[in-house]
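Below you'll find the structure, written out as C-alpha cells, and then a few comments.
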Protein chains: 2
Amino acid sequence: MSTVSHVINRTRFVSPAKARVVNDAIAAMGYQPNELARSLKVASTNSVGLAISAISNPYFTDIICAVEAECARLGLMVFLSDTQEDPDRELSVVRAFHQRRVDGVILAPSGAPQRAIDYLAEKKLPCVLIDRFADDRFDQIGVENQSSMRALIDHVASFGHKRIGYIAGQPGLATTRERIEAFHSSLAANGLALLPHYVSPENVDTASATASTHAILSLPSPPTALVTGNNMTTIGAVRAIRERGLSIPGDISLAGFDDFEWADCFEPRLTLVAQPCAEIGRQAAALLSARIASSGLKPQAVRLQATLHARESCGRPA
Amino acid sequence: MSTVSHVINRTRFVSPAKARVVNDAIAAMGYQPNELARSLKVASTNSVGLAISAISNPYFTDIICAVEAECARLGLMVFLSDTQEDPDRELSVVRAFHQRRVDGVILAPSGAPQRAIDYLAEKKLPCVLIDRFADDRFDQIGVENQSSMRALIDHVASFGHKRIGYIAGQPGLATTRERIEAFHSSLAANGLALLPHYVSPENVDTASATASTHAILSLPSPPTALVTGNNMTTIGAVRAIRERGLSIPGDISLAGFDDFEWADCFEPRLTLVAQPCAEIGRQAAALLSARIASSGLKPQAVRLQATLHARESCGRPA
DNA sequence: CATCGAAGCGATTGCGCAAACGTTTCGATG
DNA sequence: CATCGAAACGTTTGCGCAATCGCTTCGATG
C-alpha cells in the first residue's frame, strides 16, 4: 500500500500509530528500498558519472576524491570510469552513463572530446567539464593557466635565467595549448627570447618527457632552466636530469606545474604550481548539482587561482 | 513490441528485414536503452560498489585504477565511495550500494568493519575484501605480510643494524597487526632483540608518524634503522628525520612498505616493498565477477607476493 | 489439398516503486 | 441528525524493459 511509501519518504502525513507499525515491519524484515525501481518511477537516480581521462594521475586522484566527498554530502553516488584519454572510450563511457540514467556527468575531456560532448549536448545531459576547457555549451572549471605560468616564469627569470625551456603536456588539450601560449607571453613579458627548439610541445607520459628533456639538454646551447607543464613531465624531466648527472639547481633550475603531497621529500624540494584540486572537485560537483536542479542556468566557465610554491629547485644560472 | 528487445539483445532469431527496420528506427530516434528498467526486470545491474577506506591514498588509488580497468573489461560499472575509515560511513555506503542493487561489492574494510560485513553477509551480497583480512566468510585478497617484512628486516640487518625501530600503520587493521607480528618474528629470525619503545604501534596519518618518529629518535639509545609500515608512515618518518637534520642513510637507515612511482626521485632513493596493487585490484574484480556468476564457490583468501626494491636508503650503522 | 510443425513475431505481464486518484472515517456545523 | 469537508489511508497505474505465451504464416509431406 502507498502508506509505506509515504512513511519511508515522509511525503505525506501518516498517523504515528500506523507509521510505527510500518517501521516495525520494515525493521523486522530487513527491508531495503529498491533504488532502481524508485529511480525508474521518479526519473532521477541520484547518481552522477565521473569520467576521468587518467584515474591514476595524482592530479585527478585529488579531484576524484573531492568530487566523491562533495557528492556524498549531496546524497549522490558516483560512477567512476577511466577514458584513458581515448575518444572512443570516452564516448562509450558517456553512453554507458546515459544508459544508466545518471543525473549528470563530470568529464575531464580527452584530446578529441567532440563526439562525447556532442552526445551529452544532444541528450541534454547535465555536465561539467573539468581541467580542460572544451566546449562552452557546458559549465567548465579549471585553473588560471596564464597567471600561473606567468608566476612560474617570473620566478625563474628572477634568478637571472635567459635561456628557459619548456616541456609541455599532452597534445590536443586546451590546458597544454594555453600553457604554451602563456609560456610565450610570459617570456616576452620578462624581455626574454623564445629560443629555437626550446619548447617540447607534446609529451604523453613520463617516458616521453624524459626523452624530450634529453633532446633539449642536448642542444648546442641548452637552457639553464626548465619549466614543466604537468606532474608527469616534471618527473620525466627530473629523471633525465639525473641520468645526465646534472644537479638541481646547481647545473640547471627546474620548476613546473602540479604540486604533490610529497614534493617536500624530493631533494631538492621542487618549486611547483599547486592547483586547487580539492576546490576544483568540490565546485565541479556543486555546479553539477545546481545544473541538475535547474537546467535553465547559462553555462559558466570558472577559472581558479593556483599558487606557486617556491622551494629550492631554482637558482642562479651556472 | 518484444521484437525490438530481441533485436537489441540478440536473444532470438529475427528476420534480417525486420531487424533492419528496427535498427534504423533506433538510429533515427537516437534511442538508448534504459538500463534501470532492464536491471529491474532481470535483477542484475552489471554494476559493483567499490568502498575504499581512503581514496586519496596512492596505494588505494592504484587498486581503484586496476579494479576499474578490469571491471570495464568485464562490462561492469563501478560505484566509488570513500568510507574515510569510519565504520558508520562504511555501513551506510554498503547500504547505499545494496539499495542500488549492485551485483557485488569490493571493500577495503575499516578498523571496525563488523557491522558492514554482517550486513553484506545477511543480504547475501557477493563481496571481496581487499588489503585487510577481516572475515573469512568472504573472498579476501591482500599481500603476504610475513615474508615481506622478513625481506625488509633481513635487508636492514644485513648492513649490521642491531637496533631497528618500527613505525606501524593504523590501529585496528589486520595489516597493521600482521606486520607488527612479522616485525617481531623477523627480528628474532635475525637474532635481534626487540628493544623497549622501539615499536610505535598506531599512526593514523603522516603527522602522527612524524610525531612517533621524533619520539623514537628521542629515546636515550635510539634505533640506527627505521622500518615503516606503509606509505603514510614512510613520509612521516622522512619528514621527522629531515627535521632533525639527520641524513639517510648516513645517520639513519630507512626502509618500509609501499612503493610509489616517484620513489626513485627521492634523495636518496628509498628502499621499499612494492605491493602488486594492479594485481590486487585486477584479481579482486575477477574474483568478484566469478562469485557473482556462481555464489556456491567457497571463499578463498589470496595472498600476493610483494617485491623488495632495494635502493639506497639503507647503509651501515653510524 | 488437408495436416502439421517450425519459423517468425506480437500481446501481455510483472519487476518495485511513486504518485494520482478514490475511498473511508469522523468530528464539526447548521 | 443530516451534511460536509478534511484527515487518513487504500487502489491502481505506469515507469521501460525482458521474457513468457500464444498467434500467424508458410513450406513440406502424405
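Chain letters run A, B, ... following the sequence lines, proteins first and then strands; every chain starts at 1.
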Protein-nucleotide distance (Arg101(B), atom CZ; dC17(D), atom P), rounded to Å: 20 Å
Any pair counted as salt bridge (Lys or Arg N to Asp or Glu O under 4.0 Å), so long as it reaches residues 93-111 of chain B, sequence neighbours left out: none
Candidates dC17(C), dA18(C), dA19(D) - which lies nearest the side chain of Asn9(A): dA18(C)
Integer-rounded Å distance: dA18(D) C1' and Leu36(B) CG: 15 Å
Whichever of Lys41(B) and Phe13(B) has its nearest DNA chain C nucleotide further upstream toward 5': Phe13(B)
Member of Glu90(B), Arg89(B), Arg132(B), Gln84(B) meeting the side-chain hydrogen bond (donor to acceptor under 3.5 Å, both in side chains) criterion with Ser53(B): Arg132(B)
Leu40(A) side chain, from C-beta outward: closest of dC15(D), dC17(C), dC15(C): dC15(D)
Distance, rounded to the nearest Å, where Arg38(B) contributes CZ and dG16(C) contributes C1': 18 Å
Integer-rounded Å distance: dC9(D) C1' and Arg20(A) CZ: 19 Å
Plane angle bin for Phe79(A) and Phe79(B) - parallel if under 30°, tilted between 30 and 60°, otherwise perpendicular: parallel
Arg100(B) CZ to dC17(C) P, straight-line distance once rounded to whole Å: 14 Å
Short side-chain N/O contact from Ser5(A) to OP1 or OP2 of dC17(C), under 4.0 Å: no
Nearest-Å distance for atom pair NE2/P, residues His6(A) and dG10(D): 11 Å
Modelled atom types, side-chain donor and acceptor of Gln99(A) and Asn34(B), under 3.5 Å: no
Under-4.0 Å salt bridge between Arg303(A) and Glu178(A): yes
Main-chain N/O of Ile55(B) paired with Thr61(B) side-chain donor or acceptor, under 3.5 Å: yes
Between P of dA19(D) and CZ of Arg10(B), the distance in whole Å: 15 Å
From CA spacing to verdict: side chain to side chain contact (heavy atoms under 4.5 Å, CB included), Gln140(B), Val128(B): CA-CA 5 Å; Gln140(B) 309 189 79; Val128(B) 0; over 6 Å; no
Contact under 4.0 Å: Thr3(B) side-chain N or O vs dG10(C) OP1/OP2: yes
Helical bend (five base pairs per end, nearest 10°) for the helix from dC1(C)-dG30(D) to dG30(C)-dC1(D): 60°
DNA chain C contacts among residues 25-35 of chain A, heavy-atom distance under 4.0 Å: Tyr31(A), Pro33(A), Asn34(A)
Nucleotide nearest Val42(B) when distance is taken to its side chain, options dA18(D), dT20(D), dG16(C): dA18(D)
Donor-acceptor under 3.5 Å (Asp135(A) side chain, Arg137(A) main chain): yes
Flag side-chain contact, heavy atom, 4.5 Å: Pro126(A) against Phe138(A): no
Rounded distance (Å) that lies between atom C1' of dC17(D) and atom CG of Asn46(B): 14 Å
